Amino acid sequence: MVTDKKEEKPSLLNKVAIVTGGTRGIGCAIAERLLAEGAKVAICGTHQNTLDAAMVRLAGRGEVFGALADVSRLEQVKTFISAVLRRFEVADILINNAGAGTFRPVAELSPEEWDRMIGLNLSGVYYCCHEVLPILRERGGGDIINISSLAAKNPFAGGAGYNASKFGLNGFSEAMMLDHRSEGVRVSSIMPGSVATGFGNSGSFGNSGSDAGPEWKIAPEDIAEVVVTLLRMPARTTISRVEIRPSRPPRK
């Protein structure tokens, strides 16, 4: 007897997705793409002006909720997730996108800059996962996607703090996947190279000597497309790590 193992791709219609750092760049592109798929989306950011601009950009594209929250602060994470539940009652997807990068040699990197990167890029992801995982478990599963970086496997001069936070994020993500996959929670990491967002001092993860324009870089919309691809994989399959590079970076 032949068994048909074909499984329908999950629909994102009416799923509730939380996108941290969703007010600009990669996060806003992800929010926009999820709304196009019919999901309901909650975003957070740390500045009122960028939150307002994102809400204007996303207006009319679907159900969207926005709030100020610094995910490196546990109490603000708790307040934000509570507000999301008041608005949408449930959560199905968590996209940990909020991040920061300061690129200096260790001797010149201040303790405050170090704490900020570790707090936002690593502790903030833990805080959000810690608050959302009970919701996903109660619903019988869900998806967590962490936006990491190729800097999580490729150290570079001036990147010690950023490298440390992203190396840690990859380890955290893969251990969390092992902790919770039997509960129907899928955990994935997306590791982009240079993205055209102006991120960090040079916007290109250690490529500070390049004056090439953004046309060769990955577009935020490309990362959003990968997010949707991961979410729409059959439930039996988890893509645990995706590496993304520009196709034609400048020659060195």
Side-chain angles (χ1 to χ4, degrees), residues 17 19-37 39 41 43-47 49-59 61 64 66 71 95-104 113 116-117 120-121 124-125 145-159 161-163 165-167 169-170 173 188-231 239 241-252:
V19 183
T20 70
T23 60
R24 55 187 177 178
I26 292 172
C28 195
I30 291 171
E32 193 169 38
R33 187 68 177 84
L34 291 172
L35 289 169
E37 290 288 324
V41 176
I43 63 172
C44 69
T46 56
H47 297 92
N49 61 330
T50 54
L51 177 63
D52 291 343
M55 294 300 288
V56 169
R57 171 177 169 177
L58 299 174
R61 298 179 184 272
V64 60
V71 299
I95 312 294
N96 285 303
N97 169 73
T102 300
F103 307 120
R104 309 187 202 284
E113 290 168 334
R116 179 59 177 163
M117 279 188 285
L120 189 58
N121 300 352
V125 175
I145 298 177
N146 297 326
I147 306 301
S148 183
S149 168
L150 288 179
K153 57 175 286 187
N154 301 318
F156 57 88
Y162 190 74
N163 288 139
S165 69
K166 293 299 186 178
F167 270 72
L169 177 58
N170 275 17
S173 300
S188 304
S189 295
I190 297 177
M191 300 166 58
S194 299
V195 182
T197 61
F199 178 86
N201 296 347
S202 67
S204 58
F205 303 121
N207 190 22
S208 58
S210 173
D211 60 358
E215 65 276 0
W216 62 269
K217 296 181 182 179
I218 302 162
E221 293 76 15
D222 301 341
I223 308 301
E225 194 65 31
V226 175
V227 167
V228 169
T229 298
L230 297 182
L231 294 174
I239 299 176
R241 182 187 290 190
V242 180
E243 297 184 13
I244 306 176
R245 294 172 171 80
S247 296
R248 295 184 178 182
R251 293 178 181 271
K252 294 184 179 180

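Note that this is a predicted model, so its numbers are computed, not measured. Note that the numbering runs from 1 along the sequence shown for the chain.
Looking only at side-chain heavy atoms (C-beta outward), Ile43 and Met55 come within less than 4.5 Å of each other. You'll find the side chain of Glu37 reaches within 4.5 Å of the side chain of Val228, heavy atoms only. Looking at Val71 and Asn96, their side chains never come closer than 4.5 Å, going by heavy atoms from C-beta outward.
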Does the side-chain contact (heavy atoms from CB on, under 4.5 Å) test come out yes or no for Ile147 and Leu169, once each step is laid out? CA-CA 9 Å; Ile147 306 301; Leu169 177 58; over 6 Å; no
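Every residue two or more places apart in sequence or in another chain that forms a side chain to side chain donor-acceptor pair (under 3.5 Å) with Ser173 is listed here: Asn146, Ser189. Contacts of Asp52 classified as side chain to side chain donor-acceptor pair (under 3.5 Å), with partners at least two apart in sequence or in another chain: Gln48. Listed by chain and number, the residues in a side-chain contact (heavy atoms from CB on, under 4.5 Å) with Glu32 are Arg57, Leu58, Arg61 (sequence neighbours excluded). Ala53 meets the side-chain contact (heavy atoms from CB on, under 4.5 Å) test with no other residue; sequence neighbours excluded. Scanning for side-chain contact (heavy atoms from CB on, under 4.5 Å) contacts around Ile244 gives Ile190, Ile218, Ile223, Val226, Val242, with sequence neighbours left out. When the side chain to side chain donor-acceptor pair (under 3.5 Å) test is applied to Asn163, no partner is found at least two apart in sequence or on another chain.
Across every non-hydrogen atom of Asn170 and Ala152, the tightest pair is ND2-CB, 3.4 Å. Shortest non-hydrogen contact noted between Phe156 and Ala151 is CE2-CB, 3.9 Å. Leu120 and Gly99 get closest at one heavy-atom pair: CD2-C, 3.5 Å. The minimum heavy-atom distance between Pro246 and Trp216, with the atom names listed, is CB-O, 3.3 Å. Arg245 and Leu150 make their closest contact through CG-CD1, 3.5 Å (heavy atoms, listed as atom of the first residue, atom of the second, distance). Heavy atoms only, all atoms of each residue included: Phe103 and Gly159 are closest at CD2-CA, 4.4 Å.
Sequence neighbours left out, the pairs with a member in residues 147-156 that pass salt bridge (charged side-chain N to carboxylate O under 4.0 Å, His left out) are Lys153-Glu243.
Of the possible donor and acceptor atoms, one in the side chain of Ser188 sits under 3.5 Å from a partner among the backbone N and O of Ile239.
For the pair Arg33 and Glu225, the salt-bridge criterion is met [side-chain N within less than 4.0 Å of a carboxylate O].
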Identify every side-chain donor-acceptor pair in residues 20-27 under 3.5 Å, counting partners at least two apart or on other chains, and give the distances.
| from | atom 1 | to | atom 2 | distance (Å) |
| --- | --- | --- | --- | --- |
| Thr20 | OG1 | Asn97 | N | 2.9 |
| Thr20 | OG1 | Ala98 | N | 3.0 |

